[in-house]
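As structure tokens, the structure follows; a few thoughts come after it.
When a ligand or atom number is given, it counts from 1 through the structure's own listing order. The figures that follow rest on heavy atoms only: side chains count, while hydrogens, waters and symmetry mates do not.
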Amino acid sequence: MAAKTFQADVVVCGGGPAGVNAAIAAGRSGVKTVLIERYGFIGGMSTAALVYPWMTFHTMDGKQVIKGIAQEIIDRLMLISASPGHVRDTVGYVHTITPYHPEVYKVLAVDMLKEAGVQLLLHSFVDEVRVEGDRIESVQLTTKSGKIEVQGKVFIDTTGDADIAYLSGAPCLQGRDGDKLTQPMTMKFRMRGVDLARVKAYMLEHPEEFYHKTPIDELPDLPLSGVMGFYKHWKESALPINRDSVLMFIGPADDEVLVNTTRVQGLDGTDVEDLTEAEELGRKQVLQVAKFMSDNLPGFEKASISSVGSQIGIRETRRIDGLYSLQADDVVEGRKFEDVIARSGYPIDIHSPAGRGGDNSVWVKADGAYDIPYRSLLPKRIGNLLAGGRCISTSHEALATTRLTPSCMATGQAAGSAAGIAVKRGIAPADIDVAELQQVLVAAGAVLHE
Ligand SMILES: Cc1cc2nc3c(=O)[nH]c(=O)nc-3n(C[C@H](O)[C@H](O)[C@H](O)COP(=O)(O)OP(=O)(O)OC[C@H]3O[C@@H](n4cnc5c(N)ncnc54)[C@H](O)[C@@H]3O)c2cc1C
């Protein structure tokens, strides 16, 4: 028996990039919206796992294809000096990356949720879903004040792990076809005290030791935003980590880097024993990599760890099996869909589930963007549920691009806007007029067409 019951029109479960944008969009549409998050802060992987920077809002040839609420967040962060905005990617992997200050973002996002009239419940874990027929009636939360029931008309699954779809009995998929293995997990960490001028000088002297797309010729005039390589140093280290280089991004402080180099493979991010092992392995690797960097890399002589993720970063777990599953071909061909609700120019970036994994990325043809259709947000079997973010309906390969933060923000906004329309019209999300949804999204700044 629940100690307390809340009622809402739209119930958004999971306060990561997708959930924040979904809740803001639903709240702004004028319907009563609740956002539920298990941690004491929002941001999902961006804050809990130190994922940084956000990439990418642009195509490879520099056209911006993600705007809307995601861009509003950047604009507001820029106004308070908590982001430089979109900057050139000096790794050379994409056109732009978007650094931001995670602590400022946590506060700003809550301000934006409140401005949109969203009720936020933190420290609340959704662990049960009550279903009648093909409809979710309520979700149950485990909290410090006991069990809480949240009833709603439309529910949005932005848990990253498709927890709500799974608990409601909607069909879900996980990992690649066949062995079901998922992309590896990574424990991210930051180091301060880095001499970035020395790092840049070393890159200019030894370009062959860095990613082949590094814009070496432009480097003298570009502020360093990211570095991938130190191939020789990494090889000589013989660290027991299945990667072939060091990957890091600069900021948010001037002498700080975010290191994305640890790798934990073969474990399932929906299994608590695997998660426990992953945390243990990930934290050990952080100490190993940080020591290797300060002992060996030019510019890191005085650097030390400044922060480590509160949890390991999880790239892939469950996803919904929806009315349309976005495929690798759709991405690579830059396919257009009549029911487009978001776009992205990020490549298919699969960190190897089992092997060492070099650069096996696949880019969208002609440096363009692909469409994400509305049907990918709609699960089979449950009529009043939408998904946004990492757990939308895709293949394992297509998930390797839709999972990036800006596209999660964009699909979250679409799910929230669709939920708002469904509630106001008193119909199921699958029955709304997609043209109306597209109008709402475009009016809110989203980019849906060339
Ligand atoms: C190691 C790593 C590196 C990455 N690198 C980049 C990068 O450089 N740039 C980039 O843009 N993206 C990157 N990504 C991708 C990106 O961070 C994620 O895919 C994105 O955050 C997914 O957003 P989401 O909102 O769908 O899910 P999440 O960010 O996972 O958010 C889900 C939220 O739901 C909450 N939640 C989950 N289950 C429950 C529950 N049952 N009850 C209540 N709350 C719940 C979680 O606490 C979390 O806040 C990376 C991801 C990883 C793991």
Side-chain angles (χ1 to χ4, degrees), residues 11-23 35-57 66 70 89 91 93-94 96-100 102 106 109 121-129 139-143 150 156-167 182-189 225-226 228 247-249 258-264 269-270 278 282 309-320 344 346 349 351 387-392 399-413 415:
V11 181
V12 184
C13 304
V20 167
N21 285 258
L35 173 62
I36 299 160
E37 166 56 43
R38 70 175 150 171
Y39 291 141
F41 53 89
I42 56 163
M45 290 293 127
S46 297
T47 52
L50 303 188
V51 164
Y52 172 98
W54 292 327
M55 64 170 85
T56 178
F57 285 70
I66 299 179
D89 172 22
V91 170
Y93 188 73
V94 288
T96 65
I97 60 178
T98 314
Y100 65 98
K106 282 178 187 166
L121 290 176
L122 296 176
H123 293 289
S124 300
F125 190 85
V126 183
D127 54 9
E128 257 181 80
V129 175
V139 291
Q140 315 289 317
L141 318 183
T142 292
T143 76
V150 185
I156 304 182
D157 189 338
T158 46
T159 61
D161 299 323
D163 281 5
I164 312 309
Y166 176 74
L167 291 168
T182 55
Q183 291 197 47
M185 305 180 202
T186 290
M187 184 69 80
K188 298 208 181 197
F189 67 96
S225 62
M228 181 153 80
L247 174 61
M248 66 181 110
F249 295 93
L258 178 286
V259 184
N260 177 347
T261 298
T262 69
R263 176 169 280 186
V264 175
T270 60
S310 310
Q311 70 149 85
I312 195 161
I314 298 175
R315 291 190 175 82
E316 181 180 12
T317 50
R318 278 186 298 253
R319 58 191 190 270
I320 64 160
S344 170
Y346 192 81
D349 170 21
H351 293 240
R390 179 161 70 79
C391 58
I392 67 169
L399 182 144
T401 161
T402 57
R403 71 183 180 86
L404 273 286
T405 311
S407 33
C408 287
M409 290 176 168
T411 56
Q413 180 175 356

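Interface of Pro406 with ligand 1, defined as ligand atoms under 4.0 Å from a residue heavy atom, comprises 11 (O). Atom numbering of ligand 1 starts at 1 in the shown order; those under 4.0 Å from a heavy atom of Trp54 are 11 (O). Interface of Ile314 with ligand 1, defined as ligand atoms under 4.0 Å from a residue heavy atom, comprises 53 (C). Against a heavy-atom cut-off of under 4.0 Å, Gly389 is close to the following atoms of ligand 1: 26 (O). Less than 4.0 angstrom separates some heavy atom of Gly313 from each of these atoms of ligand 1: 53 (C). Close contacts between ligand 1 and Gly44 involve ligand atoms 29 (O), 31 (O), 48 (C), 49 (O) [criterion: under 4.0 Å to a heavy atom].
No heavy atom of Gly412 sits closer than 4.0 Å to any atom of ligand 1. Assignment of Cys391 to the shell around ligand 1 is not supported, since no heavy atom sits closer than 4.0 Å. By the 4.0 Å heavy-atom criterion, Gly15 is counted among the residues contacting ligand 1.
Taking all heavy atoms of Leu121, Thr159, Thr56 into account, the minimum distance to atom 39 (C) of ligand 1 is reached by Thr159. The closest non-hydrogen atom to atom 32 (C) of ligand 1, taken over Thr158, Asn260, Thr405, comes from Thr158. Looking at Arg315, Arg263, Glu316, Gln183 and measuring to atom 1 (C) of ligand 1, the nearest heavy atom belongs to Arg315.
Here the closest non-hydrogen pair linking Phe249 and Tyr52 is CD1-O, 3.7 Å. Pairing each heavy atom of Asp157 with each of Cys391, the nearest pair is O-SG, 3.5 Å. Of all heavy-atom pairs between Pro17 and Asn21, the closest is O-ND2, 2.8 Å.
Taking only nitrogen or oxygen atoms, main chain and side chain alike, Pro53 reaches within less than 3.5 Å of ligand 1. Among the atoms of Ala18, some N or O lies under 3.5 angstrom from an N or O of ligand 1. The N/O atoms of Val126, backbone and side chain alike, include one that comes under 3.5 Å of an N/O atom in ligand 1. Polar contact with ligand 1: present for Met55 (N/O pair, distance under 3.5 Å). The shortest N or O to N or O distance between Met45 and ligand 1 is below 3.5 Å. Between Tyr39 and ligand 1, a contact under 3.5 Å exists for no N or O pair. On a distance-only criterion, Asp161 and ligand 1 share no N/O pair closer than 3.5 Å. Distances between N or O atoms of Ser46 and those of ligand 1 include no value under 3.5 Å. For ligand 1, one of its N or O atoms has an N or O atom of Asp163 under 3.5 Å away.
For atom 22 (C) of ligand 1, the nearest non-hydrogen atom of the protein is Cys408 SG, 3.6 Å. The single protein non-hydrogen atom nearest to atom 24 (P) of ligand 1 is Pro17 CD, 3.9 Å, given as residue, atom name and distance. In terms of protein heavy atoms, atom 27 (O) of ligand 1 is closest to Gly160 CA, 3.8 Å. Given atom 36 (N) of ligand 1, the protein heavy atom at minimum distance is Arg38 NE, 3.6 Å. In terms of protein heavy-atom proximity, atom 15 (C) of ligand 1 is nearest to Arg403 O, 3.4 Å. Closest to atom 35 (C) of ligand 1 among all protein heavy atoms lies Glu37 OE1, 3.2 Å. Protein heavy atom nearest atom 4 (C) of ligand 1, with residue, atom name and distance: Lys188 NZ, 3.7 Å. Scanning the protein heavy atoms around atom 6 (C) of ligand 1, the nearest turns out to be Val51 CG1, 3.3 Å.
Ser344 places a side-chain heavy atom less than 4.5 Å from the side chain of Thr401. A 4.5 Å side-chain heavy-atom check between Met187 and Val264 finds every atom pair outside the cut-off. Residues Val150 and Ile36 are in side-chain contact: their nearest non-hydrogen atoms beyond the backbone lie under 4.5 Å apart. At a threshold of 4.5 Å between non-hydrogen side-chain atoms, the residues Met55 and Asp89 do not count as touching. Side-chain contact check for Thr47 versus Tyr39: every heavy-atom pair is 4.5 Å or farther apart. Side-chain contact between Ser225 and Pro99: absent, with no pair of heavy atoms (C-beta onward) separated by less than 4.5 Å. Pro406 is not listed as a side-chain neighbour of Tyr346, based on a closest heavy-atom distance of 4.5 Å or more. Ile42 is listed as a side-chain neighbour of Leu122, based on a closest heavy-atom distance under 4.5 Å.
At a heavy-atom cutoff of 4.0 Å, ligand 1 is contacted by the backbone of Ser124 but not by its side chain. Neither the backbone nor the side chain of Leu141 has a heavy atom within less than 4.0 Å of ligand 1.
With no hydrogens or angles considered, a side-chain donor-acceptor pair links Thr317 and Arg390 at under 3.5 Å. Using a 3.5 Å distance cut-off with no hydrogens or angles, the side chains of Arg315 and Thr186 do pair a donor with an acceptor. Side-chain contact, Thr56 with Thr96: a donor N or O sits under 3.5 Å from an acceptor N or O.
At most 12 heavy atoms of other shown residues, nucleotides or ligands fall within 6.0 angstrom of atom OH in Tyr166.
Of the residues listed (Thr159, Thr182, Asp161, Asp163), the one engaging Arg318 in a side-chain hydrogen bond (donor to acceptor under 3.5 Å, both in side chains) is Asp163, and it is the only one.
For Thr142, the side-chain hydrogen bond (donor to acceptor under 3.5 Å, both in side chains) partners are Asp127, Lys147, not counting sequence neighbours. Residues passing the side-chain contact (heavy atoms from CB on, under 4.5 Å) test with Ala410 are Ile66, Ala342, sequence neighbours excluded.
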